[in-house]
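Have a look at the structure below before the remarks.
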There are 2 protein chains.
Amino acid sequence: MQDGNDKKDGTEAVKGTQTLMRALDIMDEVIDGPIRAADLARKLGMSKTTAHRLVQALKSRNYLSVTRDGFALGPKLLQLGVLATEQIDYVRVARPFMELLSDRTGFCVFVGKREGDWSRHLDRVTGTQRLRVATAPGDRRPVAETGLGKALLLDEDEASWERLYGEAKDGKVTPAQIQAYVVEMRGHKARGEVLHDSELGDGVRSIAVPIRDAKGQICIAISIASAAHYLTDDLRDGLAEQVMRSAEQISAAVGYAGPR
Amino acid sequence: MQDGNDKKDGTEAVKGTQTLMRALDIMDEVIDGPIRAADLARKLGMSKTTAHRLVQALKSRNYLSVTRDGFALGPKLLQLGVLATEQIDYVRVARPFMELLSDRTGFCVFVGKREGDWSRHLDRVTGTQRLRVATAPGDRRPVAETGLGKALLLDEDEASWERLYGEAKDGKVTPAQIQAYVVEMRGHKARGEVLHDSELGDGVRSIAVPIRDAKGQICIAISIASAAHYLTDDLRDGLAEQVMRSAEQISAAVGYAGPR
DNA sequence: CGGGGCGTTCCATATAGAGGAAAGCGTATC
DNA sequence: GATACGCTTTCCTCTATATGGAACGCCCCG
């Protein structure tokens, strides 16, 4: 967080663009629902004249539309939204955050997406630790039995968890095992984070968190992984916190605006 | 087409917003895919400095993102796109165009959307003619057997046409009838317009055309309707032309950007 | 090494945009 | 029906703002 180009606070960033910035401020206000020009002027501390001029300009370009109770988001945004969806590359967006997370924690970092009943590894950043987890981009595993996969499932209902777990185990599961799995998933869901110990007996442990797109849907997931030996219980909370923060940042970067 | 707020040509509209307009021009260029700042300056006839400043400003607000080969649409647009989708009210957008169409043709104008295997009438404008078609907003009919419904089906495959037609007729159809229906629908699809004579024996005839959203999908349909007595064969082409033009305008107004 | 492309910074200038004032309009209030 | 309020819209003046030229650092290519 020591680099200076944060824009958390909001307003000052590039100088020499007052008009543009004010117009974009207007867009931000309109996000919260239709609003009248006079209210915009008040809220944003500009004259009615200015608000009016900007609003008219945005309307003329279809960024805003006029409704009975003020200005609302316009049709141009529908078009841009669809095109942006096509242009955005989740992996590329996630990359810098993965590197940051790896730098801070030292662990390997992975991202993956769901493909039907499978989880596909899309990218990884090898950490600084000697021990590396071997899973390579492109690998596919049953979605119910990896940390990344379980994070991708957090929005599913319990029936799906049961089905996918059963299928991952090829049907060789007892009702008690299924029940235990569901209980475990409930816990993950409640915390918004998955702690997973590999069932392959290789002692690999991972912490995975889902990433949400602009629609609020889980689109990919991020995880850190290492030997359980390194990823110890007392480190767990701190690390989980960091992974979740990274996930939140990536979610924001792909357009997620928080639960609404 | 005599109203003056067209913006086909492009640039001049509201004065006193050069900066904003230039920034939006940049957005329009970026729509066509990633582009570098220097190219933007050339294409839009501004100095590199200006292009740079605007692009940085847009990036700082996440309207643009940086990629290997230039600037691309940013994540903010994903968010705005989703929200705009929620805020948009197709009926309200369509209303003025419906009134215009009714004024010009004198016929009743309807819009409706698909609900599963049904077609739901959403709004209507009563024309100037004495004869009025009684279908009221809220009415629901099998999607395969109304003009509006058939327009909503133009993107479906032939298997769906067969199924829906069969279900609308409650299974009481001969293979020959089904075949005739499919052939008829093929014709409608090719022309992008549906001419429909009511099967209720009330002599009602309609011309319906689909309206597309930003994703290119058919979201609603518009139709004009009257007694076959008024909506005669020699009027048909001219009227169909007008309905299609209205549909195109509404499509554009809800974000449709043409086939891509 | 030198040339051409790009992104970025600096600065003096003109001009674009801010905001006050006031005119239309529609809707509430009495 | 008269008066008042709030919103939109237009006009106009002045200066803060955005502009573009010049110049720098960087990378790639020949």
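Below, chains carry the letters A, B, ... as their sequence lines are ordered, and counting in each starts from 1. These numbers come from a predicted model, not from an experiment.
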- Task: Calculate the interatomic distance between B:K59 atom NZ and C:dG7 atom C1'; express it in whole Å.
- Result: 11 Å

- 5′-ward residue of the pair A:R36/B:K48 relative to DNA chain D: A:R36

- Between C1' of D:dT19 and CG of A:L20, the distance in whole Å: 14 Å

- Query: Is there side-chain contact between B:V109 and B:I222, with at least one heavy-atom pair below 4.5 Å?
  - Reply: yes

- Under 4.0 Å between a side-chain N or O of A:T19 and OP1 or OP2 of D:dA18? yes

- Query: Think A:R22 has a side-chain N or O under 4.0 angstrom from the OP1 or OP2 of C:dG19?
  - Reply: yes

- Would you mind classifying the nucleic acid contact of A:R68 as base, sugar-phosphate or nothing, using non-hydrogen atoms under 4.0 angstrom? nothing

- Message: Heavy atoms only, 4.0 Å cut-off, all strands: where does B:T49 land among base, sugar-phosphate and nothing?
- Response: base

- Taking only side-chain nitrogens and oxygens of A:Q18, does any of them come within less than 4.0 Å of OP1 or OP2 of C:dG17? no

- Counting just side-chain N and O atoms, does A:R53 come under 4.0 Å of either OP1 or OP2 of C:dG17? no

- Query: Hey, are A:K43 and A:D32 close enough for a salt bridge, meaning a charged N less than 4.0 Å from a carboxylate O?
  - Reply: no

- Message: If you compare every side-chain N and O of A:T50 against the phosphate oxygens of C:dG19 (OP1, OP2), does one of them come in below 4.0 Å?
- Response: yes

- Task: Can you tell me the distance, in whole Å, between the CE atom of A:M46 and the P atom of D:dA16?
- Result: 18 Å

- Note on the structure: side-chain contact (heavy atoms from CB on, under 4.5 Å) test vs B:R61 passes for just one of A:L20, A:T17, A:D25, namely A:D25

- Atom CE of A:M21 and atom P of D:dA18 are separated, to the nearest Å, by 10 Å

- Judged by atom type as modelled, is there a donor-acceptor pair below 3.5 Å linking the side chain of A:T105 to the main-chain atoms of A:L101? yes

- Message: Counting only side-chain nitrogens and oxygens, does B:H52 get under 4.0 Å of the OP1 or OP2 atom of C:dG7?
- Response: no

